[in-house]
Structures are given as C-alpha cells and as structure tokens.
Amino acid sequence: MFLDLSILNADLDNIESFLKPVIGINAVLHMDIMDGVFVKQTSFDETIVKRSKDASPTSVIDVHLMCVNPEKLFVKYKEAGADYITFHYETSNIKENIDRIHELGLKAGLSINPDTDVEVLVPYLKDVDMVLVMSVYPGLGGQSFMPNSIEKVKFLREYKEKNDLHYLINIDGGINMNTYQFIKPYCDLAVVGSAITKSNEYVKTFYDYLIAFNKEN
Ligand code: DX5
Ligand code: ZN
C-alpha cells in the first residue's frame, strides 16, 4: 500500500513549505482539480501542480480531474508535471480519453462516484493504470467515509487477480487510521487529505501515515 497525499486542504499559498517533509521520499501527491460544473466547487489549477512538482521533483503526481470534458485539460496537466491523470467515468468518451492520456506518455486513471456501480468499469479495466473509487461525494475534503466503497475495492481486487491485470486500486475520501483498516486488504494506494493536512502536528502525522500505509507492501 502507498499513501497518496491530497493537498486540497493544505495551505496552498505556501505549498513549497508544506511539501518539505515530502521531498526526497517515495511520495505520491494527489491533486484535486474541480471545475465548478462536474462538482459545484472549484479548487486550484495547473500552477499549484507545477509548483508542487518543482518543489518535490521525485514525487509521483496524481491529478484527479473532477471536470467535464476532461480531455481539454490533459496537455495542460502533463506540462505541469502530472504522472497519472484520472478522470471520471461519469463524463464521456471513456476509451478515447484513456488512449489520449496514453498517447501523451502518461498513466491513465478512471474514477467512479459513490452512486455508480463498480461493474460498469469492467470494459475499461484492461486498459487503465489506476481505478479511483470515490468513498465520498466528490467536491470537498473532510467528509465521512462511505462504507459501500469497501465492496467496490474488493470487487476490483478480485477481478484484477482473476484476470491478471495491472491497474492500481486507489480510494479517495474520508480515509484515516480507522477507515484504512477496512480497505487495506484490497487497495494499492489510498488518498488521505484532511486527516493529515488538518492535523496540528502535520509533519508527525504525515510520517505516521506514511509508515503505517507503506509498511503493508
Ligand atoms: C474529494 C477529493 C479528495 C479529498 C480527500 O472530492 O477528491 O481527494 O481531498 O480529502 P479527505 O481525505 O479529507 O476526505
Ligand atoms: Zn481526489
């Protein structure tokens, strides 16, 4: 398992100092991009992604597009430093967009909302590099974990093993040291946002999570 640190609720004006503990270690950074249409909120744009990549060049940058017409953003986020680009199943042109991301030399992820049935992903599972199961409704950090996501990551783990596929299984929303126990048998990664970024002892908490999550490998 790997920790995928969401910067959504971090102090974005001072992202370079926020990322200091991350520099030089094998970190994955989760970047939530919201367009105000696919979700009603907006978040940040490619400038924060680029500043994060520049501050921590060895980090893997995982861009989560909660946006309609995600294909319009792929080049912009590649140039900003993305390694993975994840878009939502609840948009359109899924296969074409997976191919577009691959043509840019990036890894492609597909995400599903809490009300979407996981089995709709089956036609795409041989092509994607990551599946991101939303365990909250997308749009905000700090929400409570939705237990119906456990069955989804379990399905994805069993399907992956049965069919010898390579996609990573990731989960996003409400993950903390408690909820992590339910998903760790099934996930390769888990996004953690506010449990770390809102901690009074952010650096200590970050390392606690990193050690707890990454030791399960
Ligand atoms: C929610 C975002 C999440 C968010 C997770 O729409 O996709 O990545 O940052 O934050 P927590 O861990 O606070 O639920
Ligand atoms: Zn996210």
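For clarity, every value in this text was computed on a predicted model and none was experimentally measured. For the numbers below, each heavy atom of this structure counts, side chains included, while hydrogens, waters and symmetry mates do not. Just follow the structure's listing: the first ligand is 1, and inside any ligand the first atom is 1.
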**Q** Examine N9 against ligand 1 and note whether any of their N/O atoms are separated by less than 3.5 Å.
**A** no

**Q** Rounded to the nearest 0.5 Å, how far apart are CD of E71 and CG of N93?
**A** 6.0 Å

**Q** Can you find an N or O of G193 that's nearer than 3.5 Å to an N or O of ligand 1?
**A** yes

**Q** Would you say G142 and ligand 1 have an N/O pair spaced under 3.5 Å apart?
**A** yes

**Q** For the atom pair CG (L65) and CD1 (I101), what is the distance rounded to the nearest 0.5 Å?
**A** 7.5 Å

**Q** How far is atom 4 (C) of ligand 1 from its nearest protein heavy atom, and which residue and atom is that?
**A** D32 OD2, 3.6 Å

**Q** I'd like to check whether V192 has a polar contact with ligand 1, where a contact means an N/O of the residue lying under 3.5 Å from an N/O of the ligand.
**A** no

**Q** Just to the nearest 10 degrees, tell me the angle at the Zn ion (ligand 2) spanned by H30 NE2 and H64 ND1.
**A** 100°

**Q** Could you identify the single nearest non-hydrogen protein atom to atom 1 (C) of ligand 1 and state the distance to 0.1 Å?
**A** L140 O, 3.5 Å

**Q** Does A195 have a heavy atom less than 4.0 Å from any atom of ligand 1?
**A** no

**Q** Kindly confirm or rule out an N or O of Y137 lying under 3.5 angstrom from an N or O of ligand 1.
**A** no

**Q** For ligand 1, is there an atom lying under 4.0 Å from some heavy atom of Q41?
**A** no

**Q** Among all protein heavy atoms, pick out the one at the shortest distance from atom 13 (O) of ligand 1; state its residue, atom name and that distance to 0.1 Å.
**A** S194 OG, 2.5 Å

**Q** Taking both backbone and side-chain atoms of V191, is any N or O found less than 3.5 Å from an N or O belonging to ligand 1?
**A** no

**Q** If you measure from each heavy atom of K198 to ligand 1, is any distance below 4.0 Å?
**A** no

**Q** Starting from atom 6 (O) of ligand 1, what is the nearest protein heavy atom, named by residue and atom, and what distance separates them?
**A** G139 N, 2.7 Å

